[in-house]
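Input: a single structure, listed below in structure tokens.
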Amino acid sequence: MTRTPRALVYGDVDLNLIDGSAVWAQSTVQALSRAGCRTRLVLKAPVETGRLTDPLAGLPGVTVVRPYEEHLVPGQGAHPLSPFQASQLLARLDAEEPCDLLVLRGRRLVKQIVGDGAFDGRIWAYLTDIPQSPADMTEEARADLARIAAACARLLCQTEELRCFLEAWVPEACGRSVLCPPAVPEPGFPVPARGGLHDPVRLVYTGKFAPRWNTLPMTRLPAMLAERGIKSELHAVGDKIHKDAAHPGFDTAMAEALRTTPEVVHHGGVPREEAMRLAADCDLGLGWRDASLDASLELSTKVLEFGSLGLPVVLNRTPAHEALLGADYPLFVPGTATLADAADAVGLAVRDTAARHLAADRCAAAAREYTMEAAAARWRGHLDRAFPAAPAAVAGRARPLRVGVAGHDLKFLTRLLDHLNALPGLDVRIDAWPALARHDAAASRELAAWADVVVVEWCGPAAIWYSRHKRRGSRLIVRLHRFELDAGYPRQVDIGNVDRVVCVSPHYARATRERTGWPAAKITTIGNWVDVDQLDRPKAPGARHRLGMIGIAPSRKRLDLGLDVLEALRARDRRWHLSVKSKPPWEYWWIWNKPEERAHYDAILRRMQTSPLLEGAVVFDQFGPDVPNWLRRVGHVLSTSDDESFHLSPAEGMASGAVPALLPWPGADEIYDRRWIHDTPQAMADAIAALADQDDWQSAGATAREQVREGFSLERVAKDWTELLVSG
């Protein structure tokens, strides 16, 4: 990223009231500024206090847009901007000074802006107010999210769990979803050392006051602790009290409790820095919530803030919190998260010094992963990928280099096309053929006449056509995979009009030279790309004992040999299972029409029904783009094919941290390290079983991941393709 991206940031949040959503707006602008982005924060309503906006003053490249004060919208600001008003205002600001990315928070707001259509392809949406369980994911909600995902450049997900849930239910989110967890600023003051406890013990809560956040029961916690012989007081920081139709009278009762409860010290709304200073002078943070929120896929910012101050935190036991702090974290609220349960956890912290110190250390360690500098580094990574630097070879051109891409199936080029479209100095157009040998000849002629360089995916009928209709002075690049050689298409290509043939492996580059007689100087090798950043995710529990295969059709993929490996492993340990992610062979008519293919799969299905070792051990998962999510459950990925041009699935598995195991199909050892290649299914099973120790398996997976990053990362392959396009 050599140029400075320009961002508009708008959240459907009121920055007069301090809660997680308002803090998000502040911290997002801070992180974008540190990441080198010019940022305009647009306010939803006039600010009556500068608690959140004052810290943004003077930050490099940051401007705060105040719509009512600057008379950008009519009226005096009696009401916050509606989503419709916000959409219209943002479009107006963009027309005056175009932005590269529009960072938004709030599903209702994003839905409005997507519907208006002015920012398609530039929206970076941070969505937490979405269904977070299968029971809540209605078809209407899924359709809304699909439309949103299709219009967004990125979907910013707070946690890995939320990203995986979204991808599982909304295929359009796959490949667009990136992690963007909460950010906690480094304290701007010396954090006091944690020794003994105050007398009375100081409990602290910061944030909004709402029924499911248990803030009203919290005010009764000191009285219950007093009955157990523990003197305490609650320090409450915040001024946003929810009015909730499901809990009538809550706001009145909450305000009364804050005002009149003797053991409660209400500090009101204060700047974030001051809230952290107040919390730092307390003994124990409260993040205890109603049990109905235990299924939330979000991460509590206040837990991270408390952790950055060295405070131990009392909070619910949930999968997300166990992943953050460890299953043995001592201050989880047990049971159904009642007031008595919370009092039990506080009592443990007060009476057991070792438990309290362990909890404080865990919280501090977790917070170190979510600093503002870490957030800025994540944003820099996202921005570098979205806005790559212009290639030097096109920097001085009078006009952009015109790149045409043609073919019937561009699935192996999707992310490369995203990269090329983002490159300054390139103008990319697509000639999408609806079938292998069917196209709009007029559209193809127009592209051939326009383009400086044409890339044809697959050396099939499209390559034949473009080789016979090449414009003088243009360049033609054809990518050949595998099936084209057997189909005989290369013989019909006018190789004299082809500048370069790209093969995906050295073995098929040699085979292409030998079987076509084409000049060696025209044939080069660029491997397939692997989106390591998307695939590199934490493994799910139990992944070490799960094999994975992606794609089992046609029969040369040899699922039967994969079953041999599984049987050999299960003869030793029944924990081994195999997951298969693939379309069934009967969904491919050109496969299912062949009797020998039907016979092959009939034998496999019968074997799975009759083999005692395979009973209940094979799972067929739905084909789809959610491969990174699926691979979280896979510890070893198999490649048992008779023949492959590259075989992407072992590389994808390696990028996820899975250990690959391959049979020696021709050319495998020129793509993958020989340590992963085994002579027989039994040898594959022996090698897999040898990684019986968790540390050994993780170490092998880390080695495999690094090999893919060095050899086939999207960044490296995109660089090779860019050089090929702009050279000459």
Side-chain angles (χ1 to χ4, degrees), residues 120-121 150 172 175 400-423 426-504 508 512 515-516 518 522-524 526 528-529 553-554 583 587-591 593 623 625 645-646 648 718 721-722 724-726 728:
D120 283 6
E172 294 82 357
L401 181 72
R402 296 170 176 172
V403 178
V405 179
H408 73 286
D409 179 3
L410 304 180
K411 65 175 177 288
F412 291 113
L413 288 182
T414 52
R415 301 306 301 279
L416 281 174
L417 287 174
D418 290 342
H419 177 80
L420 296 177
N421 274 308
L423 279 174
L426 266 64
D427 186 0
V428 182
R429 296 184 186 179
I430 306 296
D431 176 17
W433 289 36
L436 178 65
R438 182 158 53 88
H439 70 125
D440 182 336
S444 298
R445 279 193 293 270
E446 182 180 344
L447 186 78
W450 169 84
D452 298 312
V453 55
V454 174
V455 178
V456 178
E457 174 73 328
W458 306 95
C459 188
I464 296 168
W465 191 93
Y466 274 95
S467 74
R468 296 175 181 178
H469 295 80
K470 180 183 179 183
R471 176 179 62 79
R472 185 184 298 276
S474 67
R475 297 170 60 235
L476 177 60
I477 299 170
V478 174
R479 186 155 82 146
L480 186 151
H481 293 256
R482 187 194 65 84
F483 93 93
E484 304 98 302
L485 286 178
D486 295 329
Y489 293 119
R491 290 194 297 270
Q492 303 175 57
V493 170
D494 185 347
I495 192 61
N497 281 336
V498 177
D499 294 273
R500 197 66 65 94
V501 176
V502 177
C503 298
V504 296
Y508 269 90
T512 298
R515 295 172 63 175
T516 64
W518 289 344
K522 289 196 173 189
I523 300 172
T524 191
I526 302 178
N528 279 323
W529 55 268
K583 284 185 180 180
E587 289 191 10
Y588 298 100
W589 63 266
W590 62 93
I591 294 174
N593 281 348
F623 178 80
S645 60
F646 183 91
L648 189 59
W721 268 100
T722 302
L724 180 62
L725 292 176
V726 303

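For Trp458 (side chain) and Asp409 (main-chain N/O), a donor-acceptor pair under 3.5 Å exists by modelled atom type. Between the side chain of Arg468 and the main chain of Asn497, no donor-acceptor pair closer than 3.5 Å is present. The backbone N or O of Arg402 lies less than 3.5 Å from a partner atom in the side chain of Asp452, making a donor-acceptor pair. No side-chain donor-acceptor contact under 3.5 Å links Asp431 to the backbone of Ala406. With Arg500 contributing its side chain and Ile477 its backbone, the two residues share no donor-acceptor pair below 3.5 Å. With hydrogens and angles disregarded, a donor-acceptor distance shorter than 3.5 Å links the side chain of Glu484 to the backbone of Arg482.
Taking every heavy atom of both residues into account, Ala462 and Gly407 meet most closely at CB-CA, 4.5 Å. When all heavy atoms are compared, the tightest approach of Tyr489 to Leu436 is OH-CD2, 3.3 Å. Here the shortest heavy-atom pairing between Leu648 and Trp529 reads CD1-O, 3.6 Å. Minimum interatomic distance between Leu724 and Arg475 (heavy atoms only, all atoms of both residues): O-NH2, 3.0 Å.
Put simply, the side chain of Cys459 does not reach to within 4.5 Å of the side chain of Val501, judged on heavy atoms. At a threshold of 4.5 Å between non-hydrogen side-chain atoms, the residues Thr512 and Lys522 do not count as touching. Using a 4.5 Å heavy-atom cutoff, the side chains of Val493 and Val478 are not in contact. Side-chain atoms of Arg479 and Trp721, non-hydrogen and from C-beta on, do get closer than 4.5 Å to each other. Here the side chains of Ile495 and Thr516 are not in contact, with every heavy-atom distance at 4.5 Å or above. A 4.5 Å side-chain heavy-atom check between Trp465 and Val456 finds every atom pair outside the cut-off. Annotation: side chain of Val454 is not in contact with side chain of Ser474 (no heavy-atom distance under 4.5 Å). In this structure the side chain of Trp518 never reaches within 4.5 angstrom of the side chain of Val498, judged on heavy atoms.
The pair Arg515-Asp486 counts as a salt bridge, with a side-chain nitrogen and a carboxylate oxygen less than 4.0 angstrom apart. In summary, Asp440 and Arg445 do not engage in a salt bridge, as defined by a charged side-chain N under 4.0 Å from a carboxylate O.
Between the CG atom of Asp427 and the CG atom of Leu420 there is a distance of 11.5 Å, given to the nearest 0.5 Å. Of the inter-residue distances, the one linking Leu416 atom CG with Thr414 atom OG1 reads 7.5 Å to the nearest 0.5 angstrom. Distance OG1/Thr722 to CG/Leu426: 7.5 Å, rounded to 0.5 Å. One distance of note links NE2 of His408 with CZ of Arg438; it measures 12.0 Å at 0.5 Å rounding. Taken to the nearest 0.5 Å, the CG atom of Leu485 stands 10.0 Å off from the OG atom of Ser645. Within the model, atoms CG of Asn528 and NE2 of His481 stand 6.5 Å from one another, a figure rounded to the nearest 0.5 Å.
Residue-environment remark: CD (Glu446) stays at or below the threshold of 12 foreign heavy atoms within 6.0 Å.
Paired with Tyr466 under the rule side chain to side chain contact (heavy atoms under 4.5 Å, CB included), one option of Leu476, Asp494, Val455 passes, and it is Leu476.
When the ring pair (Phe, Tyr, Trp, His ring centres under 6.0 Å) test is applied to Phe623, no partner is found at least two apart in sequence or on another chain.
If you look at His439 and Trp433, their ring centroids are closer than 6.0 Å.
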